[in-house]
*Asks:* 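Before I ask anything, let me first share the structure, which is written out below as C-alpha cells.
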Amino acid sequence: MIEHTLAVTGMHNALAETIRQQAAQQHATPWPTLSLSDFIAFNRTGDRAAYEKNYFDRRKRLAITGAAWLLDPGTENLTDLATALWQICQEPTWALPAHLFKSNNQGIKDAGALAPFLDLFSTETGQTVAYLLAAAQDQLPPELVDFVQYELHRRIFTPFMMNDWHWLYLHNNWAAVCAGSVGMAALSFYAPEDSQLRRILAKVDIGLQNFLVGFGPDGATEEGVDYWAYGFGYYLYFADQLARQTGDQRYLTDPRVAAIARFPYNITLFPGQYVKFGDTPLRSANIPSGLMSYCVQRLQAPLVTPLHYTGVDKNGRFAVLLHNLAWTDESLPVQPLPAETVLPDVAWHLTRRSGWAVAIKAGSNNVSHNHNDVGSWELITPTEAVVTELGSGEYTRDYFVEPARYHILEPRSLGHSVPLVNGQEQIAGPSTAGTLTVPAAGRSVIDFAAAYPVEAQLTRLTRTVTADDTQITLIDTADFKGPSNTLTEVLILPRKPVAVPGQPNVLQLGAHWQLIDTLGGDCTVEELTSHDHAGQPYQIFRLRLQYHFGDSGKVTLRLRSTL
C-alpha cells in the first residue's frame, strides 16, 4: 500500500460490517449501464435524472467494492476491485452531461474532449481510482495496472496541467472538491520526489486558496451546510493526506480553517436541524461522521448531537466513505447551543428560545447557488416548520440558466418570505446586498431596498424582527418615490393557514402558532406544487397580504405561540 494510507484493514464497527454486507450483496449483480439516450438527454431536453441515477449507482458500487477490499484484502474482493476499475475506466467520460453540455463550455466542441473534461465528478472519480490503484497495484493484473495508469494520465493529470480550469478561481465548493480531488489523486499516484507531483500541487494550491477566500472571519458560507460538508470535506481530506505523506500542514493551520469547522454548530437551530437558506436540500442534513469527528478532534469545533457512523452518500463518494471509516469517533462529547448566533459576513442572525427558533438573513442576491432572498426568514419548532425556507429545488438545466432560474419557485423571490413591492420581485446582481444590524439580543434590523429593481419605486425598505419569549414581531417600513404604492407581505408556509373565527386579522399557521397582521391587508392563499432536490413533488402554501400606501407605509406582523 502507499505510504501513510489510512489504516482500515481488519476494522470492525457498524459501518465496516455494513460495507461487507453490501459488497456481498452486489457481488453477483450486473453493473448498471450508461446508455447513449440517457447521456444525450440533458442536451436535448434538459433532463439529467436517468443518466445520473446509473452513473451514481456505479460510483456507489465502486466505493463499496474499494472499501470492502481495503477492509479485507482477499482474493474475492480483489477480483471485484479489478472488475470495478475496469468498468469505470471504460466509461466515455467521468464527467456529467449537465456539466459537459453547458452552453459556455467551448472546450467540449473539440474532437476527443469528452474524456479529459474535468468537473466535480470526474475529479472525484480520479481520486478514487488513483487511491485504489496505489493501494492494490502490487496484487492487480499488470495489464490492468497499465491501463488504469494510462487512463489517469489521459483523464486527470494531463488535462489538469494543460488547461486553466475555471473552477480553480471560484470561491465555492467546486474549487475545493475539484482541486482537492486532483491533489489527492496525485499524492496517491506519484512518487514523493517526482517533479510532476510538485507542479500539480502548486496548481492545486490555486483552487484551495480561492476556496478559502469564500469564507469571512465568521467561517460561514451562503451555500449552506450541505455544500459546506462537500467543499470543506474535500479540502480537509486533501489537507490531511498531504500532511500525512509530506509533513506539510499549511492547509490545516491556516487560521480560517478552525472558524470554518464551526459552521454546522453555528447554524444549528435545534439538534439535528439546520438553517435552510439557499440551496440546502434538507433541514436535517446528514453530515459525514468522519468529517465532523475530524472537525471536533483536530479543529476543536463544538458538536451538538452525538455522532454515529454515516455510510456511502447518495452520489457514491469514496473519499467520504473512506474517511467515515477511518475518522469517526462515536464517543465525542456534545455542547449546548447558545441563545443567539450572529454571522456578520453572511449577515445571518439566529435566535433560539424554549421550544422554537427563528433565523433571519440579510445577505446578497449575488452568491453561489443564489436565491433572491435578501431579508428572508424562517420559524421552526423541534417538530415542525411554521414559516419555512424551501431549500434547493430539482436540479434541471433551467435551474442553472438565467433568467430561467428566477422563474423557478425555490430560487425566485416569490419562493421566500420577502415582500413583493409594487408588483416587483427581488432581482439578482452585484448591487443587491442587504445590511444587517443587531442592536439587541433577539432583534434584527435589515435595510434591503437594494434587492429590488428601480420599478419598485423604493427609496427605503427596512425589516425589523424582534423575538420575545412567546412572540415574534416583524415590522416592514417603506418609503417610495411616488404617491400610490402597494406592498405585499409574503409568507411561505408548510401548512395551509386557517382563519380564526371572530378574529378577522388572525390566522392559524400551525398547531400552536397564530399570525396577527396589520388590519387592512388583502389576503390570498396559493397552494403550490414543486419538486424537491431529489425530484419528488411536494406542496407548499404562499400567503400574500397586500397593503396600499401613499409615499410611505408600515406593516406589522406578529406571530404568537399559543402554548
Side-chain angles (χ1 to χ4, degrees), residues 99 118-124 126-127 130 156-190 192 194-264 266 291 294-295 298-301 319-320 323 343-346 364 366-370 430:
H99 298 153
L118 297 183
D119 70 345
L120 296 165
F121 303 104
S122 60
T123 55
E124 288 176 26
Q127 180 275 325
I156 301 295
F157 303 124
T158 298
F160 178 67
M161 296 304 294
M162 291 291 292
N163 297 281
D164 196 25
W165 296 96
H166 81 286
W167 40 256
L168 285 169
Y169 307 99
L170 298 177
H171 304 320
N172 65 15
N173 67 88
W174 274 73
V177 174
C178 296
S181 292
V182 173
M184 285 186 280
L187 286 167
S188 297
F189 190 85
Y190 291 100
D194 197 311
S195 61
Q196 181 70 343
L197 175 61
R198 292 195 297 274
R199 286 190 289 269
I200 289 174
L201 293 182
K203 195 169 183 179
V204 164
D205 183 68
I206 298 171
L208 297 186
Q209 294 302 333
N210 276 306
F211 173 69
L212 291 177
V213 169
F215 297 86
D218 64 13
T221 171
E222 293 95 340
E223 289 196 298
V225 70
D226 287 271
Y227 282 107
W228 170 89
Y230 191 18
F232 193 53
Y234 273 82
Y235 176 95
L236 289 181
Y237 303 150
F238 166 77
D240 182 78
Q241 186 174 348
L242 181 72
R244 285 185 288 106
Q245 291 186 216
T246 70
D248 184 351
Q249 300 205 25
R250 75 181 104 160
Y251 298 109
L252 296 173
T253 56
D254 187 295
R256 291 169 289 187
V257 172
I260 297 169
R262 295 178 61 92
F263 183 62
N266 286 336
L291 170 61
Y294 194 89
C295 287
R298 180 64 185 263
L299 302 171
Q300 290 73 55
V320 176
H323 291 89
L343 299 171
D345 295 307
V346 292
S364 165
N366 189 46
V367 299
S368 180
H369 291 268
N370 183 63

*Asks:* Determine yes or no for a side-chain-to-main-chain donor-acceptor pair under 3.5 angstrom, with Trp228 supplying the side chain and Ile260 the backbone.
*Replies:*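 Side chain of Trp228 to backbone of Ile260: a pair is present.
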*Asks:* Check this for me, if you would: do Arg250 and Asp254 make a salt bridge, where the nitrogen-to-carboxylate-oxygen distance has to be below 4.0 angstrom?
*Replies:*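 Not counted as a salt bridge, because no side-chain N and carboxylate O are separated by less than 4.0 Å.
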*Asks:* Which atoms form the tightest heavy-atom contact between Gly231 and Val177, and what is the distance?
*Replies:*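 Closest approach of Gly231 to Val177, heavy atoms only: CA-CG2, 4.0 Å.
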*Asks:* Between atom OH of Tyr294 and atom CG of Leu299, what is the distance when rounded to the nearest 0.5 Å?
*Replies:*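 Answer rounded to 0.5 Å: 6.5 Å.
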*Asks:* Identify the two heavy atoms, one from Leu170 and one from Asn210, that lie closest to each other, and give their separation to 0.1 Å.
*Replies:*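 Heavy atoms of Leu170 and Asn210 come nearest at O-CB, 3.4 Å.
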*Asks:* Quick one: does Val257's side chain get under 4.5 Å of Phe232's, heavy atoms only?
*Replies:*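 Result yes, sub-4.5 Å side-chain heavy-atom pair found.
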*Asks:* Sub-3.5 Å donor-acceptor pair from the side chain of Asp240 to the main-chain atoms of Leu236, do we have one?
*Replies:*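 The answer is no, because no donor-acceptor pair under 3.5 Å joins these two groups.
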*Asks:* Heavy atoms only: give me the nearest Gln241-Leu187 pair and the separation to one decimal.
*Replies:*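 Shortest heavy-atom separation between Gln241 and Leu187 comes out as NE2-CB, 3.5 Å.
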*Asks:* Using a 3.5 Å distance criterion without hydrogens, assess whether the side chain of Gln245 forms a donor-acceptor pair with backbone atoms of Ala243.
*Replies:*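 Checked: no pair found.
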*Asks:* Please identify which of these residues, Trp167, Tyr235, Tyr234, meets the side chain to side chain contact (heavy atoms under 4.5 Å, CB included) condition with Phe211.
*Replies:*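 Exactly one candidate clears the test, Tyr235.
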*Asks:* Do Tyr237 and Met184 come close enough that some side-chain heavy atom pair is under 4.5 Å?
*Replies:*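 The answer is yes; the side chains approach within 4.5 Å.
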*Asks:* Is the Tyr227 to His369 ring centre distance short of 6.0 Å?
*Replies:*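 When the ring centroids of Tyr227 and His369 are compared, they turn out to be within the sub-6.0 Å range.
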*Asks:* Got a second to check how far Leu208's CG is from Lys203's NZ, nearest 0.5 Å?
*Replies:*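 Rounded to the nearest 0.5 Å, the CG-NZ separation comes out at 13.5 Å.
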*Asks:* Do Leu201 and Leu242 come within less than 4.5 Å of each other through their side chains, counting heavy atoms only?
*Replies:*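 Heavy-atom side-chain distance check passes, below 4.5 Å.
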*Asks:* Less than 3.5 Å apart, any donor N or O on the side chain of Gln196 or Arg199 sitting next to an acceptor on the other?
*Replies:*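 Per modelled atom types, Gln196 and Arg199 side chains form a pair under 3.5 Å.
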*Asks:* Between Pro159 and Trp165, what is the shortest heavy-atom contact and its length?
*Replies:*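 What the structure gives for the nearest pair is O-NE1, 2.9 Å.
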*Asks:* For side chain to side chain contact (heavy atoms under 4.5 Å, CB included), just list the numbers for Met161 and Ile200, CA-CA rounded to whole Å, side-chain angles, deciding distance to a tenth of an Å, and then say yes or no.
*Replies:* CA-CA 7 Å; Met161 296 304 294; Ile200 289 174; 3.7 Å; yes
*Asks:* Do Phe157 and Tyr190 have their ring centres less than 6.0 Å from each other?
*Replies:*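 Ring centres of Tyr190 and Phe157 closer than 6.0 Å.
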*Asks:* Just verifying a value: how many Å separate Leu120 CG and Asn173 CG, rounded to the nearest 0.5 Å?
*Replies:*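 These two atoms lie 6.0 Å from each other.
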*Asks:* Just checking Trp174 against His99, ring centres under 6.0 Å apart?
*Replies:*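 Ring centres of His99 and Trp174 closer than 6.0 Å.
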*Asks:* Please give me the minimum heavy-atom distance between Asp345 and Glu222, naming the atom from each residue.
*Replies:*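 Minimum heavy-atom separation between Asp345 and Glu222: O-OE2, 4.5 Å.
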*Asks:* Could you tell me which non-hydrogen atom of Thr123 sits nearest to which non-hydrogen atom of Ser181, and how far apart they are?
*Replies:*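 Looks like O-CB, 3.3 Å.
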*Asks:* Please determine, by modelled atom types, if Tyr251 and Asp205 share a side-chain donor-acceptor pair under 3.5 angstrom.
*Replies:*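 Per modelled atom types, Tyr251 and Asp205 side chains form a pair under 3.5 Å.
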*Asks:* CG of Asp226 to OG1 of Thr221: how many Å apart, nearest 0.5 Å?
*Replies:*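 It comes to 11.5 Å.
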*Asks:* From Phe160 CZ over to Leu118 CG, what is the distance, rounded to the nearest 0.5 angstrom?
*Replies:*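 Answer rounded to 0.5 Å: 8.0 Å.
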*Asks:* Less than 4.5 Å apart, side chain to side chain, heavy atoms only: is that true for Phe189 and Ile156?
*Replies:*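 Phe189 does not reach Ile156 side chain to side chain.
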